[in-house]
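One structure is given here, and the rest of the page talks about it.
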Amino acid sequence: MRVTVTGCGYLGLVHAATLAAMGNHVIAMDVDEGKITRIREGRLPFREPGLADLVKTHAPSNLHFTSSPEVLGKFGGTVHFLCVGTPVKDGDVDLSYLFNAAEALAPHLSAGDLVVNKSTVPPGTGDKLLAFLRGVDVASNPEFLREGTAVQDSLYPERLVFGVNNDKARYALREVYRTLICSGTKEVTTTVVNAELSKLAANAFLATKISFINGVAQYGKAVGADVGKVSEILGLDSRIGQWGLRPGLGFGGGCLPKDLAMLTNDAADHDVYPLVDFLDSVSEINDRRRSQVRDIAADVLGDLSGKRVSVLGAAFKPGTDDTRESPGLLLAGMLTEEGAHVIVHDPSATGVKFMQVVAIEHAVRDADLVIVATEHEEYVKLDPSLFPPGRVIDARYCLDRGKWEAAGWEYHGI
Ligand code: UDX
């Protein structure tokens with residue numbers, strides 16, 4: 001199939017490359033000319049395992065990049081994916097990028113084309129796009145990929161969700177994903193609004209699981225229980241499942257916090273207050289994880305003012321350099337507000353606030369307190385006996401407590 005992708009951010013670039021890998025002819029467009037030039041030169045705007053190789057393999061044979069809507073229009077695509085940001089600002093979702101992208105695409109659409117929204121949006125947005133674009137059909141095809149495994153998640157998804165208004169749209173999407181469907185990927189065809197809500201609900205549910213275990217972690221500390229063991233026992237129940245039950249500093253990143261806020265606000269707009277209250281609790285537990293760790297740090301050090309604290313981990317999760325809504329950086333901000341001198345270390349994310357380029361040895365050796373905020377392998381494997389004994393807060397529950405204590409360190413769990 002000849003397909004176009006508007007937006008070369010995280011979602012769009014991965015989507016374009018994996019659609020090409022599935023055998024489609026793809027053109028991807030972004031208004032940022034510099035970004036397109038860099039992608040063409042093989043310099044991708046973010047790190048994602050396997051993506052650079054995929055782009056190299058398929059560009060320029062069946063994967064093209066442009067910053068011009070006219071070039072995109074001449075490509076002759078019949079299915080057009082919208083993969084642009086839908087940020088949440090001051091509680092409201094900003095759909096301007098989506099509608100600007102639709103506006104730029106509109107003059108190049110032919111009757112019978114299908115516009116497919118892949119960005120996360122409040123339910124009902126597909127209908128608004130349909131009214132806005134007039135004359136072409138609109139579908140929703142939400143994306144469930146995770147950073148760090150985005151290519152694998154796209155090439156081997158657990159399900160494909162097609163939110164469509166008619167069979168023609170369904171068949172067009174089946175054609176785009178033909179190789180996945182032929183190899184047995186489960187396809188769920190439904191209405192546009194169901195597809196839109198399924199994405200928001202999925203991310204809110206994942207966020208809920210994480211906040212649940214973090215709430216239990218706090219309770220476990222109060223009653224003297226080991227939340228790691230409790231989590232292991234819960235996860236062995238196939239109805240519960242293991243994912244999301246790792247207690248820690250809470251969830252961050254470009255998706256879960258934003259999508260949770262989007263669902264909460266939209267539910268409030270529809271007066272669904274029990275759900276709003278529920279989701280507010282999920283956010284509150286998440287936010288409190290950082291202040292709880294700050295308070296533990298203050299207890300451990302007596303007073304934070306003037307103390308040297310090393311926060312290990314600026315990426316919002318291991319295996320990525322993405323620092324959006326980074327729990328470690330949010331914690332670093334709170335510690336700084338209390339007067340601590342904070343150094344943030346990260347093996348891959350660099351050049352962000354609070355960060356000085358220091359070796360891990362320096363970050364661990366020269367601190368009054370070390371806080372592990374991201375469970376990067378480098379931290380999990382640290383040998384504490386190589387350093388003079390100090391104090392550590394294991395805010396990701398990822399260190400071998402026995403090893404650290406045996407090396408003379410004062411270990412604090414959360
Ligand atoms: C998430 C969803 O998983 C994915 O389906 C969606 O498409 C995009 O949003 P991602 O943002 O890549 O993916 O990260 P994810 O692996 O879900 O982790 C999110 C956050 O939760 C991270 O900060 C992570 O550290 C935290 N987390 C995750 C926990 O604190 N505990 C866990 O058990 C799992």
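First listed ligand is number 1; within each ligand, the first listed atom is number 1. Note that the numbering runs from 1 along the sequence shown for the chain.
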Looking only at the side chains, is there a donor atom on one of [X] and [Y] sitting less than 3.5 Å from an acceptor on the other?
X	Y	value
Ser96	Asp94	yes
Asp153	Thr149	yes
Thr86	Lys258	yes

### Query
Salt bridge or not for Glu375 and Arg246, using N-O below 4.0 Å?
yes

#### Entry: Salt bridge Arg38-Glu41, side-chain N to carboxylate O under 4.0 Å
no

For [X] and [Y], indicate whether the former's side chain and the latter's backbone hold a donor-acceptor pair under 3.5 Å.
X	Y	value
Arg290	Leu249	yes
Lys209	Ile240	yes
Ser326	Ala314	yes
Ser310	Ala367	no

What protein heavy atom sits nearest [atom], and how far away is it?
atom	value
atom 2 (C) of ligand 1	Asn203 OD1, 3.7 Å
atom 20 (C) of ligand 1	Phe251 CB, 3.5 Å
atom 31 (N) of ligand 1	Arg246 O, 3.0 Å
atom 15 (P) of ligand 1	Lys317 NZ, 3.7 Å
atom 23 (O) of ligand 1	Phe316 O, 2.8 Å
atom 28 (C) of ligand 1	Ile210 CD1, 3.6 Å
atom 30 (O) of ligand 1	Arg396 NH1, 3.2 Å
atom 12 (O) of ligand 1	Glu147 N, 2.7 Å

Contact atoms of ligand 1, heavy-atom distance to [X] under 4.0 Å:
X	answer
Glu143	7 (O)
Leu256	1 (C), 9 (O), 19 (C)
Leu206	2 (C), 3 (O)
Arg146	3 (O), 4 (C), 12 (O), 13 (O)
Leu245	33 (O)

### Sub-4.0 Å heavy-atom approach of Cys255 to ligand 1
yes

### Query
Under a heavy-atom criterion of less than 4.0 Å, does Gly248 contact ligand 1?
no

Where's the contact between [X] and ligand 1, heavy-atom distance under 4.0 Å: side chain, backbone, both or neither?
X	result
Lys209	neither
Leu145	backbone
Lys199	side chain
Asn214	neither
Glu325	neither

Taking distance alone, with no angle check, do [X] and ligand 1 share an N/O pair under 3.5 Å?
X	value
Glu375	no
Pro318	no
Gly253	no

### Message
Let me confirm one number: the CZ-CD distance from Arg159 to Glu187, rounded to the nearest 0.5 Å.
### Response
13.5 Å

### Task
Quick one: pull up CG in Leu369 and CZ in Arg391 and give me the separation to the nearest 0.5 Å.
7.5 Å

### Query
Does any non-hydrogen side-chain atom of Thr208 lie less than 4.5 Å from one of Phe278?
yes

### Query
Between His108 and Phe75, is the ring centre distance below 6.0 Å?
no

### Summary
The residue among Arg288, Gln292, Arg289 that forms side chain to side chain donor-acceptor pair (under 3.5 Å) with Gln218 is Gln292

